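Chain letters run A, B, ... following the sequence lines, proteins first and then strands; every chain starts at 1. Just so it is clear, the structure is predicted and the values come from calculations on it, not from any experiment.
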There are 2 protein chains.
Amino acid sequence: MEEHRHVTIYDIAERLNLATSTISRALKDHHTISDKTIKKVKKTAEEMGFVPNTLAAGLRGNKTKTIGVLIPTITQPFLSSLISGIEVTARKSDYSVIIMQSHDSYEEEVNMTKSLYSSRVSGVICSLAMETKDTSHFQQFSSNNIPLVFVDRVPKGYNTFRVVIDNYTAGYKATKHLIDQGCKRIAHLTAGAEFGNLYNERKRGYVDALADHGIPLKEELIVNLKTMTYDAGVKACDKLLGLKTPPDGLFAPGDILAVSAVQTAKKRGVRVPQDFAVIGFNNDPISEIIEPNISTITHPAEKMGKAAANIIIDTIESHKEEEAKEITFLNTEVLIRESSKKK
Amino acid sequence: MEEHRHVTIYDIAERLNLATSTISRALKDHHTISDKTIKKVKKTAEEMGFVPNTLAAGLRGNKTKTIGVLIPTITQPFLSSLISGIEVTARKSDYSVIIMQSHDSYEEEVNMTKSLYSSRVSGVICSLAMETKDTSHFQQFSSNNIPLVFVDRVPKGYNTFRVVIDNYTAGYKATKHLIDQGCKRIAHLTAGAEFGNLYNERKRGYVDALADHGIPLKEELIVNLKTMTYDAGVKACDKLLGLKTPPDGLFAPGDILAVSAVQTAKKRGVRVPQDFAVIGFNNDPISEIIEPNISTITHPAEKMGKAAANIIIDTIESHKEEEAKEITFLNTEVLIRESSKKK
DNA sequence: TTACTTTACGCAATCGGTTGTAATTAAAAT
DNA sequence: ATTTTAATTACAACCGATTGCGTAAAGTAA
């Protein structure tokens with residue numbers, strides 16, 4: 001296999017007897033270059049198979065048109081949709097996307113921020129690892145004017161862009177829906193405070209909805225999970241449905257858990273939704289396919305990705321130094337399907 | 001916000017009164033640098049918050065430790081697992097991963113190869129877009145000694161690395177399983193030849209399995225789909241189950257299709273598996289959750305990703321110019337679950 | 001024709017590591 | 001004390017595109 005050397009602007013310059021500066025400017029339609037020259041240069045570049053070296057440009061200009069995405073894992077419908085939204089939006093503005101998975105490890109996350117900084121990404125989008133409590137490893141981006149957007153799992157008390165849903169309201173709405181369906185004993189699965197404020201917020205919505213409708217809060221109906229997995233859900237639901245007075249409804253803050261609840265109920269001969277109404281969260285593909293279909297809360301993954309990417313790109317292109325680091329809230333909706341329809 | 005300038009090896013050199021070359025070598029434990037100096041340099045680098053600029057290194061060395069991944073979409077269990085495998089493996093060797101989605105568009109794919117080449121990726125892993133027939137846009141990688149690995153949806157007649165499963169055998173085994181269960185009229189969904197040889201191979205396995213077991217091939221039981229979607233599956237199965245003599249089994253080359261088949265059957269009052277045994281493909285998470293569970297063929301996405309990434313990295317690190325461009329076959333297994341158990 | 005604008009393009013430094021080669025110094029050998 | 005040899009470190013070119021500044025050429029007005 002013959003090894004070609006990359007064609008550079010020097011090669012084009014030599015061929016046309018022009019300066020490299022002229023080539024560089026011509027290729028990007030700089031106004032000080034005549035149309036004639038521009039056309040000639042572009043034609044020659046095409047002929048010679050010239051492909052710009054973004055490394056050189058990036059080194060010189062200290063910007064790479066690259067967005068670093070740092071998330072727990074990509075094999076989760078919500079997160080892969082998020083990335084999809086980021087990628088599509090980035091591409092429109094000719095940005096590339098580098099993906100890294102922290103696998104919910106703090107240590108990995110720290111290393112990956114270094115790696116991203118090292119490759120001089122133009123911006124960073126991150127959904128925090130479960131383990132992460134301290135976010136000082138993100139300071140390097142803020143300090144160097146690299147826009148940083150947290151999505152979904154965001155830190156508190158850190159002045160950066162954030163793209164989230166209103167988890168409190170979503171939790172409230174989900175619970176209220178179950179109340180509206182006549183549920184009196186509504187169970188809830190949640191995760192410990194160490195996981196950031198996401199599940200806490202949903203739980204807060206649940207608690208307030210109960211209170212607002214005069215339904216007493218029963219601690220026995222709230223199960224704290226370590227991991228939000230199918231198996232953990234099965235175990236929790238087995239426990240809940242085994243109570244002397246079992247719940248007649250469940251707000252699961254994730255569709256996987258809702259699925260596990262529905263199937264556990266079925267296995268125990270508990271009818272869904274008649275005896276046990278279930279509502280999930282996320283609107284994962286599976287919620288629509290399982291029988292009965294699972295009511296859920298939409299979680300606009302793709303939109304959130306697009307929003308995050310747009311923030312990055314806008315911030316860069318507008319050269320705004322002192323940008324207000326706003327929080328972007330995206331809407332969620334209650335999607336009523338069979339699993340919660342008591343009426 | 002104060003804008004720091006990046007700390008460079010020049011800054012370290014100045015501080016320590018050493019040459020930049022010494023700093024550079026010390027940081028990578030070059031044997032010509034004394035341990036004393038190495039320690040001193042590393043300590044100072046740490047103190048000053050030095051982070052190497054990979055762009056500069058990449059520009060100079062013409063290698064970036066970056067793998068470009070070009071796939072139809074990431075919001076598909078198989079593909080997101082594939083990426084996950086790639087990312088994990090890449091990271092172990094300190095490689096980054098750039099993701100691009102062709103959305104099955106030939107034009108996008110062509111643009112993206114340019115973009116990847118432009119950013120001087122060290123290697124490329126690709127699963128072809130549905131539309132792609134001509135693969136000359138990948139020539140730029142081959143010509144420039146950038147290792148290229150096709151995964152799953154691979155081109156024919158192009159001498160590159162390929163990581164695939166044996167679709168023929170998998171199709172054969174799936175069909176044989178249905179035959180073993182006593183099915184006499186086995187239907188099959190497939191896709192036109194323009195989609196590459198993947199579905200054709202599975203179909204070939206289906207055809208041969210029937211022939212080997214003395215079961216006549218009925219054209220009416222083979223439905224050609226344009227897209228492998230849930231809705232397309234429903235439509236096809238409605239047609240199949242509406243035949244005068246409907247099939248008593250189905251080999252669907254994708255779990256989504258299998259799910260649509262199971263649900264369509266249920267809706268029509270056809271019992272699965274008693275009246276209609278179904279086997280899918282991929283072992284998507286959903287196949288395990290739907291009721292009845294769907295028998296399927298495993299498709300080792302994560303492993304394929306790892307294999308592909310390893311090929312890239314090994315090729316680069318071994319500096320082999322004339323590497324044999326082998327095809328890597330990964331194993332698949334028949335996963336027998338409820339949807340096909342007639343016996 | 002002279003002076004003044006535009007228009008078009010070239011020069012050369014720059015971004016930050018990397019690396020072949022030369023130079024300097026220290027340690028060892030004679 | 002002198003020559004070898006080995007151990008360290010320095011010099012400077014290089015990767016390829018970008019860009020501020022300067023200059024030459026062409027055009028316009030006086």
Would you mind telling me which of [options] lies closest to the side-chain atoms of [X]?
X: B/A57; options: C/dG10, C/dT18, D/dT18; value: C/dT18
X: B/T8; options: C/dA8, C/dG17, D/dA17; value: C/dG17
X: B/A56; options: C/dC15, C/dG17, C/dG20; value: C/dG17
X: A/F50; options: D/dA17, C/dG17, C/dC11; value: D/dA17
X: A/L18; options: D/dT19, C/dT18, C/dG10; value: C/dG10
X: A/R25; options: D/dC15, C/dG10, D/dT18; value: C/dG10

Using atom [atom1] of [X] as one end and atom [atom2] of [N] as the other, report the distance to the nearest whole Å.
X: A/I33; N: D/dA26; atom1: CD1; atom2: P; value: 16 Å
X: B/I23; N: D/dC11; atom1: CD1; atom2: P; value: 13 Å
X: A/L59; N: C/dA13; atom1: CG; atom2: P; value: 17 Å

Just by distance, do the side chain of [X] and the backbone of [Y] share a donor-acceptor pair under 3.5 Å?
X: A/S93; Y: A/A90; value: no
X: B/Q140; Y: B/H137; value: yes
X: A/T44; Y: A/K40; value: yes

OP1 or OP2 of [N] less than 4.0 angstrom from a side-chain nitrogen or oxygen of [X], does that happen here?
X: A/T20; N: D/dA17; result: no
X: A/K63; N: D/dT18; result: no
X: A/S34; N: C/dC9; result: yes
X: A/S21; N: D/dT18; result: no

* To do: Check the pair A/E47 / A/K43 against salt bridge (charged side-chain N to carboxylate O under 4.0 Å, His left out), numbers first and verdict last.
  => CA-CA 6 Å; A/E47 280 173 14; A/K43 181 159 163 267; 3.6 Å; yes

* Relative to the 5' end of DNA chain C, which residue comes earlier, A/T37 or A/R60, by the nucleotide with the nearest heavy atom? ->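 Looking at DNA chain C, the more 5' nearest nucleotide goes with A/T37.
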
* **First encountered from the 5' end of DNA chain D, between B/Y10 and B/K40** =>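 First, find each residue's nearest nucleotide; the 5'-ward one identifies B/K40.
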
* Whichever of A/G61 and B/T22 has its nearest DNA chain D nucleotide further upstream toward 5' ->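 Result of the comparison: B/T22.
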
* What class does the angle between the rings of A/H6 and B/Y117 fall in, given that below 30° is parallel, 30 to 60° is tilted and above 60° is perpendicular? ->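 Tilted.
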
* Asked: Which part of the nucleic acid, if any, lies within contact of A/K28, taking any heavy atom under 4.0 Å across all strands shown: a base, the sugar-phosphate backbone alone, or nothing?
  ->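 It contacts sugar-phosphate atoms only.
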
* A/N17 near the nucleic acid: base, sugar-phosphate alone, or nothing, with a heavy-atom cut-off under 4.0 Å? ->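 Sugar-phosphate contact only - A/N17 comes under 4.0 Å of backbone atoms but never of a base.
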
